[in-house]
Peer 1: 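This is the structure, below, for whatever I ask next.
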Amino acid sequence: MAGTLAEKVWEAHLVRRGTGGEPDLLYIDLHLVHEVTSPQAFEGLRLAGRPVRRPDLTIATEDHNTPTLDIDRPIADETSRTQIDTLRANAREFGVRLHSLGDADQGIVHQVGPQLGLTMPGLTVVCGDSHTSTHGAFGGLAFGIGTSEVEHVLATQTLPLQPFKTMAITVNGALPPGTTSKDIILAVIAKIGTGGGQGYVLEYRGEAIRKLSMEARMTICNMSIEAGARAGMIAPDETTFEYLKGRPHAPEGADWDAAVEYWKTLRSDDDAEFDAEVVLEAADLEPFVTWGTNPGQGLPISASVPVPADIADESERVAAERSLEYMGLEPGTPLRDVKVDTVFIGSCTNGRIEDLRSVAKVVKGRRKADDVRVLVVPASARVRLQAEAEGLDVIFKDFGAEWRNAGCSMCLGMNPDQLAPGERSASTSNRNFEGRQGKGGRTHLVSPLVAAATAIRGTLSSVADLGLADEVDLTTFDGSPLDGVGAPPITETVVDLPMPVPAGAR
Amino acid sequence: MEKFTTHTGVGVPLRRSNVDTDQIIPAVYLKRVTRTGFEDALFAAWRGDPSFVLNQEAYSAGSVLVAGPDFGTGSSREHAVWALKDYGFRVVLSSRFADIFRGNSGKQGLLAGVVAQEDIEILWKVLETRPGTEVTVDLEARTATADDVTVPFQIDDYTRWRLMEGLDDIGLTLKHADDIAAFEEARASWRPKTLPAKHWPTETVEPARAV
């Protein structure tokens with residue numbers, strides 16, 4: 001029978017098929033753990049006297065609640081420190097591999113999995129974080145879970161799940177210069193709404209998707225959750241295999257060959273049926289920015305702040321009025337006139353090396369607008385090291401930006417990196433919810449290119465607004481290495497680390 | 001988990017759509033390592049507003065939340081469910097729930113019932129006309145009753161059964177431990193393992209300093 005990519009991965013992980021309304025039991029290949037959603041799960045295991053069933057399919061990192069400054073000093077906030085210490089103690093006790101602050105592989109969990117080569121096509125990947133959908137960019141089924149489910153996976157390496165519906169999102173053609181995969185996903189969410197993907201796994205396909213790098217694909221899959229979808233996927237291809245080959249945990253030798261042969265079968269069959277379909281023309285896209293307080297409230301940057309009175313649907317009108325009041329925006333204001341206080345470049349959505357490179361290309365040799373604060377926070381310590389090897393840190397510092405250590409940082413404002421009440425940001429992150437980046441903070445979601453141009457001009461801007469349109473080819477502001485300063489990608493020998501020893505037999 | 005059959009308590013009309021989990025509990029409250037004690041964090045940003053529904057005496061002891069569509073979107077934080085439960089809520093009714101939130105609710109014994117939006121509007125009218133009105137939620141019959149109004153709600157059969165029996169998911173799954181072991185036996189060798197840990201040679205990460 002013809003099947004979609006999602007159905008093929010589902011079937012390959014079926015431990016037990018449910019009957020009579022009972023859910024299927026699915027095996028989980030990779031479980032990513034972080035400090036915020038795991039303490040209560042480990043506590044549950046401890047109370048029940050259960051071990052972690054497969055520490056060798058589990059990996060933990062510190063990301064949500066870690067500082068991005070002074071990481072060599074004790075964490076100032078006592079509750080934050082306790083939470084980090086709790087993860088460290090749990091990892092020791094249960095024998096789980098942990099990448100702690102200061103380690104070269106510490107960073108946002110959704111960067112750590114891919115960079116170590118642990119995230120691969122055809123896997124089931126879960127994490128107590130909704131942006132786990134990121135890993136679907138490799139052609140696996142990856143989704144966020146709650147803490148009860150974290151405990152369930154730790155104890156059983158499985159999850160009982162009701163099948164998802166499938167939605168094909170086809171993006172035809174080629175992206176215009178100055179637009180990025182972030183603009184694709186913001187346009188998709190604006191089109192189908194924050195609830196449009198509920199109950200679905202989204203599969204992104206089409207020419208525009210095939211042309212994207214792995215980093216750009218991760219950005220799209222990452223924000224699937226903002227459309228309400230459980231997961232996003234992209235069928236693996238040569239781009240995927242190229243990214244994986246040689247990474248520390250990528251298969252080797254005969255295993256690599258067997259894996260690639262299998263991975264090539266991981267695509268939706270030509271006659272596979274989706275429960276829903278959405279089609280977008282990439283050529284119609286321009287840089288997108290959000291104006292409201294949910295990621296579906298986005299518009300092309302050339303548009304103006306909407307006028308609620310013009311919105312026919314009553315609940316949408318009321319929601320828009322509430323959003324604009326919170327955002328402190330006048331209806332009808334051109335988005336390009338909106339002045340920002342802070343530009344945040346980072347997060348599991350856009351904190352990868354390509355994102356940093358494209359920002360560096362725009363800001364190289366320039367100065368930021370005087371009254372704008374610019375934070376650049378790499379997704380992982382390894383990304384930071386690579387950026388430094390390529391000289392990007394110098395470009396950012398000369399620009400007037402702050403070059404920080406890795407973590408989730410201002411994306412969710414759990415650590416000290418927060419907006420002040422009323423402060424406005426252009427942010428490459430994924431959520432513009434009320435108070436997300438700090439109580440009373442106002443967030444506009446943007447691509448790294450828009451963030452860079454905004455940091456220069458001080459108002460929401462696209463690269464095309466920099467007054468270079470005639471001399472500069474906008475396509476040069478992509479995520480490829482910078483001419484002249486590019487460092488080779490990391491190719492050093494992979495080393496084995498000692499396995500953590502579980503604290504006694506449990 | 002406590003068994004759930006029926007519940008009667010004060011209904012709270014929350015006339016908002018897209019109430020995301022950042023609104024239900026802001027990230028600053030997620031630093032705690034306990035599973036209880038989150039009642040003060042529920043809707044923290046709105047609790048300072050005297051006009052907010054839970055700040056009105058008639059609703060403050062509410063246990064049945066009647067919310068707008070797309071409740072519980074965004075972050076996967078189960079803390080959102082814990083905060084609702086710690087405050088005293090046993091039931092949330094909405095025309096549409098985010099998937100992860102609904103899943104988390106089922107694990108924690110918080111009933112998330114899907115009610116048609118026109119019925120939500122009817123419940124809002126009853127609860128706003130007579131603040132403090134109690135709502136009776138009958139999981140067996142899948143109905144919610146406020147005064148003379150009874151509306152149906154939907155919940156999947158499996159979650160309903162688990163809630164009514166008060167069953168623990170992990171215990172249910174471990175009944176199939178043999179199936180899990182058999183599956184593991186047949187797992188392809190290319191599939192990744194996190195241990196023994198491999199990575200590129202360690203490098204020194206310079207701490208960033210305030211500028």
Side-chain angles (χ1 to χ4, degrees), chain A residues 15-16 21-23 27 29 36 39-40 56 58-59 65 69-72 79-80 83 86 97 102 104-105 116 118 120 129-130 144 146-148 152 155-156 158 194-195 198 230 248-249 251 255 258-259 294 315 319 381 385 402 404-405 412-414 433 435-436 490 492 494-497 499, chain B residues 16-18 20 22-23 26-28 30-35 45 68-70 73-78 81 96 98-100 103-104 107-108 156-158 169-170 172-174 176 179-180 183-184 187-203 205 207-211:
Chain A
V15 171
R16 194 173 169 278
E22 192 192 356
Y27 199 78
D29 284 313
V36 176
Q40 297 86 354
D56 60 336
T58 311
I59 185 169
N65 198 2
L69 289 172
D70 305 323
I71 59 167
D72 52 337
T79 37
S80 297
Q83 195 171 55
T86 303
R97 172 179 177 183
D105 284 299
L116 285 170
L118 285 165
M120 296 177 191
D129 185 276
S130 60
T147 297
S148 293
H152 195 116
T156 70
T158 64
T194 53
Q198 257 167 42
R230 205 55 204 276
H249 282 277
D255 271 349
N294 73 57
S315 64
L385 289 166
E402 297 179 42
R404 296 293 188 91
N405 289 113
L412 84 164
M414 230 183 132
F433 297 154
R436 169 82 176 178
I490 302 160
E492 296 97 331
V494 171
V495 293
D496 282 356
L497 290 177
M499 179 170 162
Chain B
R16 294 189 191 226
S17 59
N18 265 301
D20 56 72
D22 275 79
Q23 305 313 313
V28 290
L30 311 186
K31 297 178 181 181
R32 301 173 187 167
V33 296
T34 56
R35 208 181 263 253
D70 295 315
T73 55
S75 159
S76 62
R77 59 189 71 163
E78 197 163 302
V81 174
R96 211 157 53 181
D99 290 330
I100 302 179
N104 289 342
K107 310 282 179 200
Q108 288 296 317
D156 70 84
D157 292 341
Y158 183 73
D169 253 4
I170 296 178
L172 286 174
T173 295
L174 286 175
H176 307 299
D179 291 335
I180 299 172
F183 186 93
E184 286 175 329
R187 216 166 153 263
S189 60
W190 60 263
R191 289 186 185 267
K193 286 193 178 156
T194 58
L195 296 172
K198 294 180 190 177
H199 67 44
W200 288 302
T202 37
E203 289 180 60
V205 180
R209 302 281 183 226
V211 288

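The model shown is predicted, which means the values in this text are computed figures rather than measured ones. Just the heavy atoms: all of them, side chains too, but no hydrogens, waters or symmetry mates, feed the values below. Convention: sequence-line order gives letters A, B, ...; per-chain numbering from 1.
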Peer 1: Go through the structure and list residues passing side-chain hydrogen bond (donor to acceptor under 3.5 Å, both in side chains) with B/D169, not counting sequence neighbours.
Peer 2: B/K107, B/R162

Peer 1: Counting only non-hydrogen atoms closer than 4.5 Å, does A/D29 touch chain B with its backbone (N, CA, C, O), its side chain (CB onward), both, or neither?
Peer 2: both

Peer 1: Under 3.5 Å, is there a donor-acceptor pair between the side chain of B/Q108 and the main chain of A/S148?
Peer 2: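 No; zero donor-acceptor contacts below 3.5 Å.
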
Peer 1: Relative to chain B, which segment of A/T79 carries a heavy atom at a distance below 4.5 Å: side chain, backbone, both, or neither?
Peer 2: both

Peer 1: Against chain B, label A/A319 side chain, backbone, both or neither, depending on which of its atoms sit under 4.5 Å from a heavy atom there.
Peer 2: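 Looking at A/A319, just its side chain touches chain B.
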
Peer 1: At a heavy-atom separation under 4.5 Å, does A/N405 approach chain B through its side chain, its backbone, both, or neither?
Peer 2: both

Peer 1: Side chain, backbone, both or neither: which part of A/L116 has a non-hydrogen atom closer than 4.5 Å to chain B?
Peer 2: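 Side chain only.
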
Peer 1: Mind checking what makes side-chain hydrogen bond (donor to acceptor under 3.5 Å, both in side chains) contact with A/N294, not counting sequence neighbours?
Peer 2: none

Peer 1: Relative to chain B, which segment of A/R436 carries a heavy atom at a distance below 4.5 Å: side chain, backbone, both, or neither?
Peer 2: both

Peer 1: What part of A/T158 gets within 4.5 angstrom of chain B, counting heavy atoms only: side chain, backbone, both, or neither?
Peer 2: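 Side chain of A/T158 only, per the 4.5 Å heavy-atom cut-off to chain B.
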
Peer 1: Is it the backbone or the side chain of A/M414 that comes under 4.5 Å from a heavy atom of chain B, or both, or neither?
Peer 2: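 Answer is both: backbone and side chain atoms of A/M414 are under 4.5 Å from chain B.
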
Peer 1: Side chain from CB out, backbone as N, CA, C, O: work out which of these in B/D157 comes under 4.5 Å of a heavy atom of chain A, or both, or neither.
Peer 2: neither

Peer 1: Determine the option with the most heavy-atom pairs under 4.5 angstrom with chain B, choosing from A/R16, A/E402, A/R230, A/R404.
Peer 2: A/R16

